Number of protein chains: 2
Amino acid sequence: MPPTTIPDIVIGRLPVYLRALTQFEISGNKVTSSHEMGEHLGISSAQIRKDLLHFGEFGKQGTGYNISYLKEQLEVILRVNQEWDVALVGAGGLGNAIVNYSGFRGRGFRIAVVFDNNPAKIGQKIDDLIVLSADQIKTKISKMRIRIAMVAVPSGQAQSVTNKLVEAGIESILNYAPTSLTVPSKVRIHHIDPVVGLQHMTYYM
Amino acid sequence: MPPTTIPDIVIGRLPVYLRALTQFEISGNKVTSSHEMGEHLGISSAQIRKDLLHFGEFGKQGTGYNISYLKEQLEVILRVNQEWDVALVGAGGLGNAIVNYSGFRGRGFRIAVVFDNNPAKIGQKIDDLIVLSADQIKTKISKMRIRIAMVAVPSGQAQSVTNKLVEAGIESILNYAPTSLTVPSKVRIHHIDPVVGLQHMTYYM
DNA sequence: AAAGTAATGTTAAGAAAGTGACAATACTTA
DNA sequence: TAAGTATTGTCACTTTCTTAACATTACTTT
């Protein structure tokens with residue numbers, strides 16, 4: 001199954017399926033169906049079946065999907081059957097919240113290092129991690145072989161920080177700054193902007 | 001131009017266009033083009049023109065788009081030419097970061113009230129706001145006529161909090177908990193889950 | 001054991017979204 | 001002023017995505 005042929009929009013739904021399966025598992029269920037998942041997520045059952053079929057046959061006709069098995073398979077597909085070290089730039093309020101956020105662990109990610117350019121922040125501890133100077137981004141990330149980073153600095157600094165990260169060899173960036181960023185095409189980027197979601201909804205109000 | 005006929009996916013891109021225009025404006029530009037915007041956002045110029053044309057003719061042939069004019073128009077379309085009061089449930093690390101986040105102001109939103117169910121948190125001040133008991137969600141939201149809420153509580157409590165919000169008359173919810181939520185069809189919901197973005201990217205790594 | 005029920009895997013049709021091309025228009029330069 | 005350049009508004013085409021339908025398979029009940 002060559003990954004190149006699978007639409008990106010399908011890949012984007014897999015983490016949502018994975019999250020739903022975790023919920024079902026916590027509820028004590030062993031088996032689910034495309035219908036149940038679709039109901040829960042507001043997606044048609046046909047779409048879920050078709051999406052999964054891009055990667056193999058994970059269900060049993062007449063029965064449905066074994067939750068823990070399908071979960072494992074999705075974790076392998078999404079490469080989160082391992083834990084990725086992630087670098088965080090920005091140790092302000094948002095950065096602190098990100099480090100203390102418990103939702104990364106157990107879903108494939110671990111904040112391994114934090115940078116900031118504010119001398120008052122450097123050297124301070126955030127939950128086990130000592131904040132390093134932004135000057136060390138390149139050396140530290142190279143040395144630690146970190147491939148994923150999060151940007152949680154003010155908009156004005158986001159592009160220059162991103163440039164440093166790219167230079168350091170980062171391949172994927174999660175950007176919390178409310179600004180678009182320019183990166184080489186080989187670097188993947190995702191944006192977390194709550195206002196985009198809010199404005200999308202106010203259109204309908 | 002009847003709003004009902006405009007695809008939701010188009011609406012979803014408007015906040016991104018608006019954000020880009022703000023960036024251009026900060027850079028001191030007065031005029032932009034669909035080509036420049038597309039370049040900046042990684043979207044084709046034809047798509048941007050087509051999206052905007054759903055709402056009217058905002059550009060001038062040969063010249064491009066006046067940034068401040070197009071910005072104003074998008075703000076009107078998205079209903080953010082006003083400031084919406086937003087209720088926040090959850091005064092933990094994430095809730096604190098949300099209240100202190102400066103990115104809502106100036107983009108149409110203001111955190112107007114904060115709730116938590118932890119007695120240790122109730123009565124505490126977060127940046128001008130006093131944390132109220134979650135028991136007051138219904139009365140307070142009704143009284144203040146708040147229509148938008150954010151959920152920043154642990155996954156296990158997210159659904160019950162959401163139910164309360166819906167009962168209080170909330171129309172749009174921004175959910176920070178890493179879980180899907182069930183709401184009546186009249187209620188709009190958006191999810192902020194950083195792990196979904198990360199897992200989307202690790203697929204390609 | 002047979003009939004009934006449930007759910008997948010799979011295909012084809014339909015719907016939606018995106019792209020390319022170009023006439024019309026505005027500005028710029030010689 | 002005339003020619004050249006830039007860029008929108010717009011349409012038709014192409015590609016992509018979604019949905020509906022159903023044969024096949026597995027389980028459940030009588």
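The chains referred to below are lettered A, B, ... by the order of the sequence lines, with proteins before strands, and numbering in each begins at 1. As the structure is a prediction and not an experimental result, all values here were calculated from the model.
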Requested in this report: Tell me which nucleotide among D/dG9, D/dT7, C/dT10 gets nearest to the side chain of B/Ser33.
Outcome: D/dT7
Query raised in the report: Do the two ring centres, one from A/Tyr176 and one from A/His191, sit under 6.0 Å apart?
Result: no
Query - 5'-most by nearest nucleotide on DNA chain D - A/Asp51 or B/His35 - result: B/His35
Query - Distance-only donor-acceptor check, side chains B/Asn163 and B/Glu167, under 3.5 Å - result: no
Requested in this report: Tell me what A/Ser34 touches on the nucleic acid: a base, only sugar-phosphate, or nothing, going by heavy atoms under 4.0 Å.
Outcome: sugar-phosphate
Query - Nearest-neighbour nucleotide for the B/Ala46 side chain, C/dT10, D/dT18, C/dT19 considered - result: C/dT19
Query raised in the report: Reckon A/Arg13 has a side-chain N or O less than 4.0 Å from the OP1 or OP2 of D/dT18?
Result: yes
Query raised in the report: So does A/Glu25 pair up with A/Lys71, basic N to acidic O under 4.0 Å?
Result: yes
**Report entry** Main-chain N/O of A/Ile77 paired to A/Arg79 side chain as donor or acceptor, under 3.5 Å
**Finding:** yes
Query raised in the report: Of the residues in residues 58-71 of chain B, which ones touch DNA chain D at a heavy-atom distance under 4.0 Å?
Result: B/Phe58, B/Gly59, B/Lys60, B/Gln61, B/Gly62, B/Thr63, B/Gly64, B/Tyr65
Requested in this report: Quickly work out the A/Gln47 CD to D/dA20 C1' distance and round it to whole Å.
Outcome: 13 Å
Report task. Would you indicate what A/Ile9 reaches in the nucleic acid, counting non-hydrogen atoms under 4.0 angstrom: base, sugar-phosphate, or nothing? Result -> sugar-phosphate
